[in-house]
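Structure record follows, encoded as structure tokens.
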Amino acid sequence: MKLGVEVFSISVDSVFVHKIWNDKELSKMLGGKDVPFAMLSDQSGSIGQLYGVYDEEAGTETRGRFIIDPDGIIQAFEVMTPPVGRNVKETLRQIQAFQLVREAKGTQVTPAGWRPGKKTLKPGPDLVGNVWQEWKVQEAFEE
Amino acid sequence: MKEFEAGCQRPKAQAKPALETAATPVVQKGEQKTMIRVGKPAPEFIAPGFHRGKFVEMNLADYRGKWVMLCFYPGDFTFV
């Protein structure tokens, strides 16, 4: 699966620490390969402040994830406190949904629980008041 | 992303507020209001980084025309 997304990680660590983390630990998780994306450094926390994810008391950044479209517009974000990791599959699903909606230029939208291959909805006068016929609640829970 | 030579001087990340006047390099502590909203422009910035063995400089503005995913996290060598 290739979505054509440029990925960047960012923390308050220096680029030197990023290098050592890549070399000493992450590359071992990746079968000897380097981390494939650029690991950015925001030592002052100023970028994190701009994005609302810098914790001044801890001096670190919270787990914020931003999906930015080709026009530089933020389409989605998720911010979590540190102890809980992300669900990468959900992020991929959101990117696929935003890409579909963008390519369809507003003619299609993705209902709750949508994933690639599942039905989209076509907004328009005929759909008003008739979503119940096109989409069932259980679809939100189906794979 | 262009490569840079790593020296003792700490590479500076540059946060660029959305409405940038010519010389507003630093975000002032305490005055920064969070203006992140979906459907609104992502704040621009330039940041040093490490990518496949090289030190690079990344400018978010260079990625217009592409989808970007930006992931903040608490710190290297943390556990999750």
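Note that the structure is predicted; figures quoted are calculated from it, not measured. Chain letters run A, B, ... following the sequence lines, proteins first and then strands; every chain starts at 1.
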(request) Examine Phe37(A) and Phe4(B) and state if one hydrophobic cluster contains both, with Ile, Leu, Val, Met, Phe, Trp and Tyr joined whenever side-chain heavy atoms are less than 4.5 Å apart. (result) yes

(message) Let me confirm one number: the NZ-CZ distance from Lys33(A) to Arg52(B), rounded to the nearest 0.5 Å.
(response) 9.0 Å

(request) Could you tell me how the ring of Trp21(A) sits relative to the ring of Phe77(B): parallel (under 30°), tilted (30 to 60°) or perpendicular (over 60°)? (result) tilted

(request) Give a yes or no on this: more than 12 heavy atoms of other residues, nucleotides or ligands lie within 6.0 Å of atom NZ of Lys119(A). (result) yes

(request) For each of Lys24(A), Arg102(A), Lys19(A), tally heavy-atom pairs with chain B at distances under 4.5 Å, and name the one with the top tally. (result) Lys19(A)

(message) Counting heavy-atom pairs closer than 4.5 Å to chain B, which one of Thr62(A), Val12(A), Val84(A), Thr81(A) comes out on top?
(response) Thr62(A)

(request) Establish whether Val7(A) and Met39(A) are linked, either directly or via other cluster members, by ILVMFWY side-chain heavy-atom contacts under 4.5 Å. (result) yes

(request) Work out which heavy atom in Pro82(A) is nearest to a heavy atom in Pro74(B); give both atom names and the distance. (result) CB-CG, 3.5 Å

(message) As an exercise, state the distance from OH of Tyr73(B) to CZ of Arg86(A), rounded to the nearest 0.5 Å.
(response) 9.5 Å

(request) Below 4.5 Å from any heavy atom of chain B, which atoms of Pro36(A) appear? Answer side chain, backbone, both or neither. (result) both

(request) Report yes or no: do Val88(A) and Leu30(A) belong to one cluster of Ile/Leu/Val/Met/Phe/Trp/Tyr joined by side chain heavy-atom distances under 4.5 Å? (result) yes

(message) When you group the ILVMFWY residues by side-chain heavy-atom contacts below 4.5 Å and let the links chain together, are Trp135(A) and Val128(A) in the same group?
(response) no

(message) Is Glu25(A) close to chain B through its backbone or its side chain, or both, or neither, when contacts mean heavy atoms under 4.5 Å?
(response) side chain

(message) So which atom in Ile68(A) and which in Ala42(B) form the shortest heavy-atom distance, rounded to 0.1 Å?
(response) CD1-CB, 3.6 Å

(message) Just to be sure I understand the criterion: a residue of residues 71-80 of chain A counts if one of its heavy atoms is under 4.5 Å from a heavy atom of chain B. Which ones qualify?
(response) Asp71(A), Gly72(A), Ile73(A), Ile74(A), Gln75(A), Ala76(A), Phe77(A)

(message) Ignoring hydrogens, what is the shortest heavy-atom contact between Ala47(B) and Ile47(A)? Give both atom names and the distance.
(response) CB-CD1, 3.8 Å

(message) Given heavy-atom pairs under 4.5 angstrom as the criterion, report whether the side chain, backbone, both or neither of Phe98(A) touches chain B.
(response) both

(request) Determine the minimum heavy-atom distance between Cys71(B) and Arg65(A), stating which atoms define it. (result) SG-CG, 3.7 Å

(message) Among Phe50(B), Trp67(B), Tyr63(B), exactly one meets ring-ring contact (aromatic ring centres under 6.0 Å, His included) together with Phe8(A). Which residue is that?
(response) Tyr63(B)

(message) If I compare all heavy atoms of Val5(A) with all of Met69(B), which pair ends up nearest, and what's the gap?
(response) CG1-N, 3.7 Å

(request) Would you kindly confirm whether Val101(A) and Leu3(A) end up in one hydrophobic cluster when ILVMFWY residues are joined by side chain heavy atoms under 4.5 Å apart? (result) no

(message) With a 4.5 angstrom heavy-atom cut-off, is it the side chain or the backbone of Thr91(A) that approaches chain B, or both, or neither?
(response) side chain

(request) Pick whichever of Leu60(B), Thr78(B), Val56(B), Leu70(B) has the most heavy-atom pairs under 4.5 Å with chain A. (result) Leu70(B)

(request) Evaluate the ring planes of Tyr51(A) and Phe45(B), with Trp represented by its six-membered ring, and classify them as parallel (under 30°), tilted (30 to 60°) or perpendicular (over 60°). (result) perpendicular

(message) If I compare all heavy atoms of His51(B) with all of Ala38(A), which pair ends up nearest, and what's the gap?
(response) CD2-N, 3.5 Å

(request) Please flag which part of Lys66(B) lies under 4.5 Å from any non-hydrogen atom of chain A: side chain, backbone, both or neither. (result) both

(request) Measure distances from Ile20(A) to the heavy atoms of chain B and classify the residue's part below 4.5 Å as side chain, backbone, both or neither. (result) both

(request) Check each atom of Ser9(A) against the heavy atoms of chain B and say whether the ones under 4.5 Å are side chain, backbone, both or neither. (result) both

(message) Counting heavy-atom pairs closer than 4.5 Å to chain A, which one of Val38(B), Val68(B), Asp76(B) comes out on top?
(response) Asp76(B)

